[in-house]
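A quick write-up on the structure given underneath.
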Amino acid sequence: MAQQKEWVLVADDELSMREALGMSVGRMGFAVDLAEDGRQALEMLGRRPYRLMITDVKMPKLDGMDLLKQARELYPLLPVLVITGYGTIPGAVEAMKNGATDYVVKPFSIEVLEKAVQDCLTAAPVTASVANQHGENVRIITRNPRMQKLLQIACKVAKADATVMIQGESGTGKELVALLIHAESPRAAGPFVAVNCAALPEHLLESELFGHEKGAFTGAAVRKQGKFELAGGGTILLDEVGEMALPLQSKLLRVLQERKVDRVGGGLPIPVDIRVIATTNADLRARVEKGAFREDLYYRLAVIPLELPPLRDRPEDVEVLTDHFLEQFGATGGITGAAKQKLLNHPWKGNVRELRNVVERAALLAGDQAIDVDHLALDGKIGDTGPREAADGDSSRNLRDIERRTIIATLAEHGGNRTRTAEVLGISIRTLRNKLKEYALEGHEAPKGGAGAAD
Ligand SMILES: Nc1ncnc2c1ncn2[C@@H]1O[C@H](COP(=O)(O)OP(=O)(O)OP(=O)(O)O)[C@@H](O)[C@H]1O
Ligand SMILES: [Mg+2]
């Protein structure tokens, strides 16, 4: 499959300049749109996702500074390169203050322009801030072009009410992207409600989502509103939607088609005003093929599919994320070159969550010192028992102990992702959940994170 070209928008009122810019950027391998004033540029921004906008300052109708300000509002993740005229330093300062990614001063050579374009795309990691469900500010950081483009598309689709399906391995940032979509949507002031479809058995999930009337089943002592109702005016995130049982899938389909919910044991359907975002880390197409997931529901959910690349496919992010987490966990001593190299070479099965946990633990162990290779414990030296040891190294040959160690080690290996762990071990997520509950009761600690566990 041919690689799709990325688009750059060039806005300049001067024809010769516009065309020269367009040609240079075109030679760098981008597809280019040309706008002759700010207003036209703004209109074009609404038509497709751009990788970069290059704009002149002095333009009729809407000048470059106002275009920049509006683009910042509407497309917060779009890098903007500003071309300032006649060596006006105040103009450059103003551009940077208004959120330009970089600027070049006229006249400039092609080399200077190319370098500025490159810098805009790679040097500055794209950062978006969103509030999580606890009202804390969390940041989405990436230097990876594919991720940057995906975040841009997410911001764009946020404006409409279309259902979004976010696919990606555990810990790749699916929930963060869902929060971004909510924050960038007209529903931002409304609630954001997340439900993990893998965490509850079928009948509990049903009443969790749809609510129930008093006396609907044993234990339903009072009437309860479901999460669909609670998300009214806002967004509902259906995490790991692939784990939903078939009967519930039919009920969900009805919600999506009719925007109404039926409480368990209830009378009239209740209208709900919601935006639905679903996530999955399983290959949902394959589940459709196997008959485990309804095809019609799949198409209803995947109106806008977004696929998050795993961390191992975006090595440039390991470094920026490491720095981000070092700061977050107050690692004052920094990190040695060897340790950083080790992080860069690690396969990151648990993705960003695993990296975060590793940095957090290392920061604790290192204290005021620089984090070194030993502090990273990437070979599982601290605490957890590897599968090999579980099989033959340990003195206990008790089958139950071996099972427990294997489960806990596999869970650790997959960054705490229960869905993956269950898959790898060939057991149901339900069985896994029950086993983990038993271990917790017996005082054996399982690694945190992943589906159904607190982050
Ligand atoms: N690009 C990023 N920048 C900063 N932090 C990130 C980024 N991506 C993920 N994280 C952090 O990594 C952790 C996991 O992210 P998140 O919960 O969004 O992943 P997920 O794909 O929903 O995982 P799961 O499949 O296990 O539910 C969180 O602590 C999140 O804040
Ligand atoms: Mg998640």
Side-chain angles (χ1 to χ4, degrees), residues 77 124-134 136-152 154-155 164-183 192-199 235-243 277-284 306-329 348-361 411-423 429 432-433 446-455:
L77 303 167
V126 163
T127 305
S129 257
V130 287
N132 68 13
Q133 288 120 291
H134 316 292
E136 300 153 349
N137 230 40
V138 285
R139 293 208 286 159
I140 310 179
I141 297 173
T142 182
R143 203 175 246 185
N144 175 263
R146 218 177 117 196
M147 274 294 287
Q148 291 179 358
K149 190 164 170 193
L150 183 136
L151 294 180
Q152 258 190 57
C155 285
V164 180
M165 165 98 93
I166 306 171
Q167 193 152 358
E169 291 177 18
S170 177
T172 44
K174 296 187 294 295
E175 181 151 354
L176 283 188
V177 172
L179 283 166
L180 176 68
I181 293 174
H182 175 69
F192 178 91
V193 176
V195 183
N196 189 332
C197 302
T235 306
I236 188 162
L237 172 65
L238 301 174
D239 238 335
E240 301 205 46
V241 75
E243 299 296 330
I277 302 178
T279 76
T280 171
N281 57 34
D283 180 357
L284 260 199
L306 297 177
E307 199 182 330
L308 287 187
L311 187 57
R312 62 183 170 280
D313 287 351
R314 38 182 168 119
E316 61 273 69
D317 276 356
V318 174
E319 194 165 5
V320 274
L321 286 170
T322 299
D323 291 344
H324 168 61
F325 294 134
L326 284 174
E327 196 190 309
Q328 185 178 335
F329 297 118
W348 299 118
K349 282 187 191 144
N351 292 295
V352 185
R353 178 180 294 109
E354 186 189 353
L355 173 61
R356 198 186 102 126
N357 292 348
V358 166
V359 174
E360 181 175 16
R361 183 175 56 198
L411 197 60
E413 205 179 310
H414 291 94
N417 180 334
R418 295 185 182 185
T419 311
R420 273 297 292 151
T421 303
E423 243 168 55
I429 181 118
L432 177 63
R433 195 163 43 228
K448 293 241 165 51
D455 194 36

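Just follow the structure's listing: the first ligand is 1, and inside any ligand the first atom is 1. Starting from 1, each residue takes its place in the sequence as its number.
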* **Atoms of ligand 1, numbered as shown, that sit under 4.0 Å from any heavy atom of L321** => 2 (C), 3 (N), 4 (C)
* Structure fact -> Here the pair of heavy atoms bringing L237 nearest to A178 is CD1-CB, 3.8 Å
* Asked: Under 3.5 Å, N or O to N or O, is R353 touching ligand 1 that way?
  -> yes
* Asked: Going by distance only, is there an N or O of I140 that falls short of 3.5 Å from an N or O of ligand 1?
  -> no
* Asked: Out of L151, N357, V352, L308, whose heavy atom is nearest to atom 8 (N) of ligand 1?
  -> V352
* Quick one: does G171 get a heavy atom under 4.0 Å from ligand 1? -> yes
* To do: For the pair N281 (side chain) and G168 (backbone), establish whether a donor and an acceptor sit closer than 3.5 Å, ignoring hydrogens and angles.
  => no
* Quickly, which of L151, T235, L306 forms a side chain to side chain contact (heavy atoms under 4.5 Å, CB included) with I181? Name it, please. => L306
* Structure fact -> Ranking L176, N351, L179, L237 by closest non-hydrogen atom to atom 31 (O) of ligand 1, top hit is L176
* Has I141 got any heavy atom lying under 4.0 angstrom from an atom of ligand 1? -> yes
* Please say whether E175 places an N or O atom under 3.5 Å from an N or O atom belonging to ligand 1. => yes
* Asked: Counting only N and O atoms by type, is there a donor-acceptor contact under 3.5 Å from the side chain of T279 to the main-chain atoms of E240?
  -> yes
* Between the side chain of E354 and the main-chain N/O of K349, is any donor-acceptor distance below 3.5 Å? -> yes
* To do: Mark up the atoms of ligand 1 that fall under 4.0 Å of a heavy atom belonging to R356, in ascending order.
  => 29 (O)
* N/O to N/O below 3.5 Å, does that happen between T142 and ligand 1? -> no
* Structure fact -> ligand 1 atoms nearer than 4.0 angstrom to some heavy atom of N281 are 25 (O)
* Is the backbone N or O of S170 less than 3.5 Å from a side-chain atom of N351, with the two atoms forming a donor-acceptor pair by type? -> yes
* Got a sec: does the CD of Q328 have more than 12 other heavy atoms crowding it under 6.0 Å? -> yes
* Is V138 near ligand 1, meaning one of its heavy atoms is under 4.0 Å from it? -> no
* How close do F329 and R356 get, heavy atom to heavy atom, and via which atoms? -> CE1-O, 3.8 Å
* Asked: Would you call T172 a ligand 1 contact, heavy-atom distance under 4.0 Å?
  -> yes
* Do ligand 1 and N417 have nitrogen or oxygen atoms that lie under 3.5 Å from each other? -> no
* Does R314 use its side chain to pair, donor to acceptor, with the backbone of M147 at less than 3.5 Å? -> no
* Asked: Can you list the atoms of ligand 1 that are under 4.0 Å from a heavy atom of R139?
  -> 3 (N), 4 (C), 5 (N)
* **Flag, side chain of K174 to backbone of E169, donor-acceptor distance under 3.5 Å** => yes
